[in-house]
Amino acid sequence: MPGITAQRSERLAGREPLPLFEIELNEQQRQRQRKVEELRRLGIDPYPPRSHRTHTARQALDRFAEIEPTLDGELDPEEIVVAGRVTALRDMGKSVFAHIRDGSGAIQLYLRRDVVTDDALAHFKRFIDLGDFIEAAGHLFRTRTGEVTVEVRRFQLLAKAVNPPPEKWHGLTDVETRYRQRYADLMANEETRRIFVIRANAIRAIRRFLDERGFLEVETPILQPLYGGAAAKPFTTYYNALDQTFYLRIADELYLKRLLVGGYERVYEISKDFRNEGIDARHSPEFTMLEFYMAYADYRDVMELVEQMLAFVAEEALGTRQITFAGHTVDLTPPWPRVSLRQALIDTTGIDFLEVTDQRELYERARALGADVAPDTVWPRIIDELLKTFVRPTLIQPTFLIDYPVELSPLAKRSPEDPRIVERFQPFIAAMEVGNAFTELNDPMDQLSRFLQQARDRAAGDDEAMPIDDDFINALMYGMPPTGGFGLGIDRLTMLLTDQQNIREVILFPHLRSKPTPILNLVPRSADERDQ
RNA sequence: GAGCCCGUAGCUCAGCGGUAGAGCAGCGGACUUUUAAUCCGUGGGUCCUGGGUUCGAAUCCCAGCGGGCUCACCA
């Protein structure tokens, strides 16, 4: 059965009718939409352009706390106006209790017949539903049960909700609906709202930390003619004006380093990167990355800065350096232990990767330990697998894993002590890898040879090997100072700070496959119906 | 991409071969300090979609769509 039509609403709103479609509403939506039309007939705008709010819920509660000692149990003499979404309604007959929530919190409203008048109370009961935005003018007092409440004199609908809100006790729990309709999730679930506040606080803290230390925030291209700076498959697009294939960046790295060639000493960028790969609890193809680079610093300087930064961020975002994640309590207070990957692997697997240089032998040893590797897995990938299987689960308290084999790191500088090792580290917290850093490779010819090796890997079938970026080589040929660089997954950091096990819980609008059935049922109207 | 699990009212869920259910929300009524208010009454369904088995399918089987978890690739 067709519901109230958009066309009729348009007519009642004094505009031209929508010609072709109507929206099919369920019973509750129809019920509410009827109220919209009835209000219009009464000359009341169900969507007025302005509110007259004088106090947020928080400000009202704070005000009452301040003046209550002077009131002697009486009403606050000053009239205030609060506004928000109706989240609870308790109809007592000749009075009504309601809660409204705004961005600052919630406050209770109390409407009594002998204060608002009989007609106004009837109007409220007739037209105000759960989920509506309203404003209410009145005086603060404390109820018998102790709750600070507005005794309402006047009220006004600010925006009618046609959709009923999710169930009040369990909220919205269906994961798919929570992601597809994040607005409903945010409306219904305090925890969801909390996560994104912490996320914003963390990002603000990072900016402040870096700004205070002389870093320059910059923006480099997201659309790039060549991608690089990480091992990943890119999203590809076509740039019409340039008549050329472009890629969405997989990392910021190569552009930020060009800026150090240009003479900036400290730069950072916080923005989205895109990797055309699998989605799981720790990976989102569109994710947020912090990268910073500092000249005249090496990876040890960077480690010191990173442990300070993350302790600062936790303090700013959560008020503590102790965080709980997946049942682990970890303490971010610096300094964090530095453990070489070589030693960690010797301790956990007995394998010394400087001794076991033959791929076949490494494979046999890994298999003997029970690692899940295929016979054709290349040497660096086996090392990576051993790291993930045997080392990573042991890294609960914050730890820097340092000094990786050169084969794993085509953009990092070799150790002066051992050319088979690069000066690289990854911070692990609660067994989660949250970043990646190294002393940056600034020898253009060494960089070129690493690119050439990547090209060979690519030819051999590694489709995540980086393409050769000759402009980057050209930049390095102008000279880049000794530099330490760092990349941090902002989403994963947020997971840690909010104790969320799934990355989609910390992304406002995570990607899902489009649904064949639309949310709104728009049905065509027949011509004669339109003519009536 | 593979394996396992899920899809029932606006929301949260039960039902798992024999007339489609509960709570909240809705609608009607009672109640002037309630707190998931309470009490009485009541409407509401493409049981994800399409096939099949069966006298009979929400329930069993097959396929598809959407989602979750675990793998695999990756930060």
Side-chain angles (χ1 to χ4, degrees), chain A residues 1 25-32 34-35 87-99 106 108-116 118 121 125-126 129-131 141-147 149 151 161-181 184-185 187-188 229-233 250-251 273-285 287-291 372-374 377 381 384-385 388 392 426-428 432-436 462-464 487-493 495 501-504 510 512-517 521:
Chain A
M1 173 163 74
L25 303 178
N26 68 36
E27 178 171 352
Q28 290 198 56
Q29 294 169 324
R30 216 152 50 223
Q31 202 68 248
R32 287 159 176 258
R34 273 197 207 108
K35 295 179 186 178
T87 56
L89 274 178
R90 291 180 291 278
D91 179 357
M92 310 276 302
K94 297 188 178 61
S95 69
V96 172
F97 285 93
H99 272 96
Q108 183 169 253
L109 306 181
Y110 180 44
L111 292 89
R112 326 170 20 146
R113 187 172 71 170
D114 53 11
V115 173
V116 290
D118 218 346
L121 189 66
K125 292 202 224 180
R126 171 80 189 93
D129 292 305
L130 286 175
F141 74 110
R142 189 181 289 279
T143 64
R144 189 185 295 165
T145 48
E147 180 161 355
T149 300
E151 192 193 77
V162 178
N163 283 330
E167 202 249 9
K168 63 181 172 186
W169 189 237
H170 302 91
L172 186 63
T173 63
D174 179 70
V175 176
E176 184 178 353
T177 310
R178 289 185 45 238
Y179 294 161
R180 287 191 194 278
Q181 303 185 45
D185 182 30
M187 188 190 310
K233 297 184 203 98
I250 60 173
D273 287 351
F274 306 86
R275 298 185 185 176
N276 209 341
E277 291 170 348
I279 301 175
D280 65 30
R282 292 192 149 102
H283 298 87
S284 167
F287 64 106
T288 302
M289 180 90 123
L290 158 73
E291 288 192 32
D372 181 22
V373 285
T377 309
R381 292 246 178 267
D384 205 33
E385 183 61 31
K388 282 175 185 160
R392 188 166 72 185
Q426 292 191 289
F428 289 83
M432 184 148 70
E433 180 187 330
V434 295
N436 189 19
D462 181 357
D463 52 4
E464 290 185 351
L488 173 78
I490 297 289
D491 311 280
R492 286 187 177 179
L493 174 67
M495 290 169 69
Q501 318 298 310
N502 194 310
I503 195 167
R504 278 179 283 199
L512 294 178
R513 203 184 299 275
S514 299
K515 267 215 151 168
T517 49
N521 199 11

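Chain letters run A, B, ... following the sequence lines, proteins first, then strands; residues in each count from 1.
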Exercise. How far does the C1' atom of G43(B) sit from the matching atom of C27(B), given to the nearest Å?
Worked result: 7 Å
For this session: Describe the nucleic acid contact of E167(A) in one word from base, sugar-phosphate, nothing, applying a heavy-atom distance below 4.0 Å.
Result: base
Exercise. To the nearest Å, how far apart are R30(A) CZ and G43(B) P?
Worked result: 16 Å
Exercise. Whole Å only: how far is the CD atom of E176(A) from the C1' atom of U12(B)?
Worked result: 16 Å
For this session: May I ask you to evaluate whether R180(A) reaches the phosphate of G66(B), defined as a side-chain N or O under 4.0 Å from OP1 or OP2?
Result: no
For this session: Classify the nucleic acid contact of A184(A) as base, sugar-phosphate or nothing, counting any heavy atom under 4.0 Å across all strands shown.
Result: nothing
Problem set entry | Evaluation steps, side-chain contact (heavy atoms from CB on, under 4.5 Å), between T173(A) and E167(A) | CA-CA 10 Å; T173(A) 63; E167(A) 202 249 9; over 6 Å; no
Exercise. Does K168(A) place a side-chain N or O at less than 4.0 Å from the phosphate oxygens OP1/OP2 of A25(B)?
Worked result: yes
Problem set entry | Gap in Å between the two P atoms, one belonging to U42(B) and one to G51(B), rounded | 38 Å
For this session: Check E277(A) against A231(A) and note the closest heavy-atom contact, atom names and distance.
Result: OE2-O, 4.3 Å
Problem set entry | Length of the NE2-P vector between H170(A) and C24(B), whole Å | 11 Å
Exercise. Hey, does D280(A) reach any base, or is it just sugar-phosphate, or nothing, if we go heavy atoms under 4.0 Å?
Worked result: base
Exercise. C48(B) and G56(B): how far apart are their C1' atoms, nearest whole angstrom?
Worked result: 23 Å
Exercise. Hey, is the side chain of Q28(A) pairing donor to acceptor with the base of A25(B) inside 3.5 Å?
Worked result: yes
Exercise. Nearest-Å distance, CG (L109(A)) to P (U35(B))?
Worked result: 17 Å
Exercise. For R513(A) and G67(B), is the shortest distance between a side-chain N/O and OP1 or OP2 below 4.0 Å?
Worked result: yes
Problem set entry | Spacing of the P atoms in C39(B) and C6(B) (rounded, Å) | 35 Å
Exercise. Is the closest side-chain heavy-atom distance between F287(A) and R275(A) below 4.5 Å?
Worked result: yes
Exercise. Which nucleotide in the set G68(B), C73(B), C11(B) lies at the smallest distance from any side-chain heavy atom of L172(A)?
Worked result: C11(B)
Exercise. With rounding to whole Å, what would you report as the distance between A58(B) and U19(B) at their P atoms?
Worked result: 11 Å
For this session: Can you figure out which of C13(B), U34(B), G44(B) approaches the side chain of E27(A) most closely?
Result: G44(B)
For this session: Ignoring hydrogens and angles, answer whether the base of U34(B) and the side-chain atoms of R90(A) contain a donor-acceptor pair closer than 3.5 Å.
Result: yes
Exercise. What pair of heavy atoms forms the shortest contact from L493(A) to L488(A), and how long is it?
Worked result: CD2-CD2, 4.0 Å
Seminar exercise, completed: Mate of C24(B) across any strand shown (Watson-Crick or G-U wobble, both atom pairs under 3.5 Å) is G10(B)
Exercise. NA contact type, D491(A), heavy-atom cut-off 4.0 Å: base, sugar-phosphate, or nothing?
Worked result: nothing
Seminar exercise, completed: The residue, K35(A) or D384(A), whose nearest nucleotide of RNA chain B is more 5′ is K35(A)
Exercise. Is E147(A) touching bases, backbone alone, or none of the nucleic acid, heavy atoms closer than 4.0 Å?
Worked result: base
Exercise. What's the CH2-C1' distance between W169(A) and C24(B), to the nearest Å?
Worked result: 12 Å
Exercise. What is the nucleic acid contact for L130(A), judged by heavy atoms within less than 4.0 Å: base, sugar-phosphate only, or nothing?
Worked result: sugar-phosphate
Exercise. With a 4.0 Å cut-off on heavy atoms, is R178(A) in touch with a base, just the backbone sugar-phosphate, or nothing at all?
Worked result: nothing
Exercise. Going by the angle between their ring planes, with limits at 30° and 60°, are F141(A) and Y110(A) parallel, tilted or perpendicular?
Worked result: tilted
Seminar exercise, completed: In Watson-Crick or G-U wobble terms, with both distances under 3.5 Å, the base opposite A2(B) is U70(B)
For this session: Look through every strand shown and name the nucleotide pairing with U19(B) as Watson-Crick or G-U wobble, where both distances are under 3.5 Å.
Result: none
For this session: Confirm from the modelled atom types if T143(A) and U34(B) form a donor-acceptor pair under 3.5 Å, side chain to base only.
Result: yes
For this session: Round to a whole Å and report the spacing from CG of D174(A) to P of G66(B).
Result: 15 Å
Exercise. Taking all non-hydrogen atoms of both residues, which atom of R504(A) and which atom of P510(A) are closest, and how far apart?
Worked result: CG-CB, 3.4 Å
For this session: State whether N502(A) places a side-chain N or O below 4.0 Å from either non-bridging phosphate oxygen (OP1 or OP2) of C69(B).
Result: yes
For this session: Taking only the side-chain heavy atoms of K94(A) (C-beta and beyond), determine which of U34(B), C31(B), C13(B) contains the nearest atom.
Result: C31(B)
For this session: Could you check whether F428(A) gets within reach of a base, just the sugar-phosphate, or nothing at all, counting any heavy atom under 4.0 Å?
Result: nothing
Exercise. Counting any heavy atom closer than 4.0 Å, what does N26(A) reach on the DNA or RNA strands: base, sugar-phosphate only, or nothing?
Worked result: sugar-phosphate
Exercise. G26(B) P sits how many Å from L89(A) CG, rounded?
Worked result: 7 Å
For this session: Record whether the side chain of Q108(A) comes under 3.5 Å of the base of U34(B) through a donor-acceptor pair of N or O atoms.
Result: yes
For this session: If U54(B) has a Watson-Crick or G-U wobble mate with both distances under 3.5 Å, name it; if not, just say none.
Result: none
For this session: Would you mind classifying the nucleic acid contact of Q31(A) as base, sugar-phosphate or nothing, using non-hydrogen atoms under 4.0 angstrom?
Result: sugar-phosphate
For this session: Under 4.0 Å between any heavy atoms, over every strand shown, what does K125(A) touch: base, sugar-phosphate, or nothing? Just pick one.
Result: nothing
Exercise. Counting any heavy atom closer than 4.0 Å, what does G171(A) reach on the DNA or RNA strands: base, sugar-phosphate only, or nothing?
Worked result: sugar-phosphate
Exercise. Which part of the nucleic acid, if any, lies within reach of N163(A) when heavy atoms closer than 4.0 Å are counted: base, sugar-phosphate only, or nothing?
Worked result: nothing
For this session: Using both distances under 3.5 Å as the test, list the Watson-Crick or G-U wobble partner of A63(B), or none.
Result: U49(B)
Problem set entry | Distance, P atom - from G68(B) to U8(B), rounded to whole angstrom | 15 Å
For this session: Name the residue closer to the 5' end of RNA chain B, choosing between H99(A) and R275(A) according to the nucleotide with the nearest heavy atom.
Result: H99(A)
Problem set entry | Inter-nucleotide P distance (U59(B), C16(B)), Å rounded | 13 Å
Problem set entry | Smallest separation among heavy atoms of M289(A) and G489(A), with atom names | SD-N, 4.5 Å
For this session: Give one of base, sugar-phosphate or nothing for T288(A), where a contact means two heavy atoms less than 4.0 Å apart.
Result: nothing
Seminar exercise, completed: Rounded to whole Å, CD1 of I279(A) lies from C1' of C71(B) at a distance of 16 Å
Exercise. Any donor and acceptor pair, going by atom type alone, linking the side chain of D491(A) with main-chain N or O of T288(A) inside 3.5 Å?
Worked result: yes
For this session: Please report the shortest heavy-atom distance between Q29(A) and N163(A), naming the atom on each side.
Result: NE2-OD1, 2.6 Å
For this session: Give a yes/no on whether any side-chain N or O of T177(A) is located under 4.0 angstrom from OP1 or OP2 of G67(B).
Result: no
Problem set entry | Euclidean distance for P, C47(B) against A36(B) (whole angstrom) | 36 Å
For this session: Return yes if some donor-acceptor pair links the side-chain N/O of T145(A) with the main-chain N/O of T143(A) below 3.5 Å, else return no.
Result: no
